[in-house]
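Right, one structure below, let's go through it.
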Protein chains: 2
Amino acid sequence: MPPALAVSVDVVLLTLRAGRLCVLVIRRDDPPFGGCWALPGGFVDRDEDLDASALRQLAAETGVTTTGHLEQLRTYGGAHRDPRVRVVSVAYLALLPNLPQPQPQPGRDGPRARWWPVEDLDSTDGPTLAFDHPRIVGDGVERARAKLEYTPLAAAFCEEQFTLADLRRVYEAAWGVALDPPNFRRKVLSTPGFVVPLGQRTSPRGGGRPAELYRRGSAVALHPPLLRRSV
Amino acid sequence: MPPALAVSVDVVLLTLRAGRLCVLVIRRDDPPFGGCWALPGGFVDRDEDLDASALRQLAAETGVTTTGHLEQLRTYGGAHRDPRVRVVSVAYLALLPNLPQPQPQPGRDGPRARWWPVEDLDSTDGPTLAFDHPRIVGDGVERARAKLEYTPLAAAFCEEQFTLADLRRVYEAAWGVALDPPNFRRKVLSTPGFVVPLGQRTSPRGGGRPAELYRRGSAVALHPPLLRRSV
DNA sequence: CCAAAAGTGTTATGTGTACACCCATGA
DNA sequence: TCATGGGTGTACACATAACACTTTTGG
């Protein structure tokens with residue numbers, strides 16, 4: 001007979017808020033790691049597929065029922081990653097547009113769910129994450145940053161209709177660099193299936209020429225990729 | 001109480017044989033899928049890390065104790081992927097140089113372990129793989145092919161000392177394309193940390209100028225990547 | 001009018017590609 | 001000497017990067 005282990009799912013849910021890449025974390029009330037923040041997640045049901053479990057946990061803990069993108073990230077199975085019992089956790093990466101934001105849900109003592117800019121996670125005034133969740137978030141952020149290069153994933157951070165400037169700001173926030181708008185435009189438009197023009201324009205927000213609107217195209221990969229400069 | 005599930009590890013072990021990318025499979029004697037071929041793998045022990053389990057299964061079933069590369073591939077957790085009982089399987093990808101080959105181990109009725117060219121897996125005269133192992137092998141092969149582009153992983157298919165032609169043949173076998181030797185050479189040598197020259201030459205094998213020998217460098221990523229043409 | 005944001009044009013620079021050519025060895 | 005594979009040089013196509021410039025809106 002095989003040893004039976006607990007299997008859980010944790011979700012790294014990323015979005016863009018005010019030009020910063022943010023991750024959603026949930027406040028833990030009880031030990032271990034009481035008062036720390038943790039990723040939304042929970043145990044997999046006996047007859048539940050992993051992907052379905054990720055969506056269920058997300059809806060249950062944050063109210064988020066649809067994501068722009070959901071993919072399996074990696075499985076964390078260190079023998080002692082949970083001090084209580086052996087838990088193998090399948091992590092997922094989910095991306096969400098700016099709006100609608102999941103409303104922070106009321107808790108015993110302050111908001112239970114909140115967004116946190118990923119750059120603040122390493123600093124001392126950032127939140128303390130429970131278990132091995134710092135590593136999981138780090139892996140999720142790195143996966144997202146890398147996938148922006150060679151997939152049209154950036155559009156998952158945008159609403160259904162978006163401008164090229166919206167799309168460019170995704171890259172700029174995730175990579176922490178400034179991209180040249182003219183060159184970015186040409187690059188995106190010359191990649192078949194990245195975006196589809198809608199033939200409409202935005203109403204300008206406080207001055208400036210109205211931008212054309214686009215929706216996500218059918219491409220699943222960018223050829224050639226949109227490479228980050230450094231690394 | 002969380003439901004307890006069985007957690008297993010399966011390993012996609014790839015190598016190059018006669019210029020073809022091959023995967024190691026094990027013959028199943030017992031049902032389900034008796035007579036079919038399956039990936040080496042087994043259940044994770046109660047206090048065993050996942051990576052350690054992958055190495056243990058590999059050694060136990062194939063005699064392979066070192067790999068050029070070992071990384072987690074993906075976790076397969078469909079509720080009915082094993083007809084007997086719910087099993088969540090963490091798949092690993094392992095790469096091995098041409099030699100030393102793991103010796104096929106004797107079994108009840110023919111060799112128990114054997115290499116199979118990955119191109120033959122889809123054809124009708126190829127082996128029938130058990131469970132969802134066709135998909136796992138497919139994912140593993142695609143991961144390996146993709147990682148050749150932007151990591152120095154190709155060297156994991158080579159022995160400790162290798163020539164640039166050896167390295168090039170890895171790409172040619174994995175991608176099924178012919179690469180221009182002069183351009184390949186320049187590309188590899190201009191990528192810092194990809195390979196390190198040893199200042200020695202091979203004794204030529206049957207005519208031709210002796211080639212310079214190299215060993216793996218310290219780079220973990222190729223910038224810029226070595227892109228496949230098509231896709 | 002000016003400021004701001006979107007979008008177009010142009011040019012320098014670099015990288016990938018194709019292929020001609022030279023080098024060193026075995027037979 | 002030829003065949004074979006290793007290694008160098010070079011010219012062209014193409015992609016990226018930098019930035020000047022035009023267009024369209026609000027104030």
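The chains referred to below are lettered A, B, ... by the order of the sequence lines, with proteins before strands, and numbering in each begins at 1.
When each of B:P224 and B:R209 is assigned the nucleotide of DNA chain C bearing its nearest heavy atom, the one mapping closer to the 5' terminus is B:P224. Annotation: of the two residues near DNA chain D, B:G207 and B:E212, the 5′-most nearest-nucleotide partner is B:G207.
Counting to the nearest Å, the P atom of D:dG6 and the CZ atom of B:F162 are 14 Å from each other. Whole-Å rounding puts the A:F184 CZ to C:dT8 P distance at 15 Å. For the pair A:L189 CG and C:dG9 P, the computed distance is 13 Å after rounding to whole Å. The interatomic distance linking B:R169 (CZ) with D:dT4 (C1') rounds to 12 Å, in whole Å. Taking atom CG of A:D166 as the reference point, atom C1' of C:dA6 lies 12 Å away to the nearest angstrom. The distance between atom CG of A:L164 and atom C1' of C:dG7, rounded to the nearest whole Å, is 10 Å. Rounded to whole Å, atom P of C:dG16 lies 10 Å from atom CG of A:L227. Following rounding to the nearest Å, A:E149 (CD) and D:dA15 (P) show an atom-to-atom distance of 18 Å.
Shortest non-hydrogen contact noted between A:R228 and A:E149 is N-OE2, 2.8 Å.
The side chain of B:R185 places no N or O atom within less than 4.0 Å of a non-bridging phosphate oxygen (OP1 or OP2) of D:dG6.
No side-chain donor from either of B:D120 and B:S123 sits under 3.5 Å from a side-chain acceptor of the other. For A:D10 and A:Y76, the side-chain atoms include no donor-acceptor pair closer than 3.5 Å.
With respect to A:Y92, the side-chain contact (heavy atoms from CB on, under 4.5 Å) criterion is satisfied by exactly one of A:I136, A:L73, A:V12, A:D51: A:D51.
Checked against D:dG9, D:dG5, C:dG7, the side chain of B:P182 finds its nearest nucleotide in D:dG9. The listed nucleotides are D:dG9, D:dC19, D:dG6; the one nearest the side chain of A:D180 is D:dC19. In this structure, the nucleotide among D:dT16, D:dA20, C:dA5 sitting nearest to the side chain of A:K187 is D:dT16. Comparing C:dT15, D:dG6, C:dT17 by their nearest atom to the side chain of B:N183 picks out C:dT17. In this structure, of C:dT15, C:dA20, C:dA6, it is C:dA6 that holds the atom nearest to the side chain of A:R168.
The six-membered or imidazole ring of A:Y171 lies near that of A:F184, with a centre-to-centre distance under 6.0 Å.
One donor-acceptor pair, N or O on each side, does fall under 3.5 Å between the base of D:dT10 and the side chain of B:R186.
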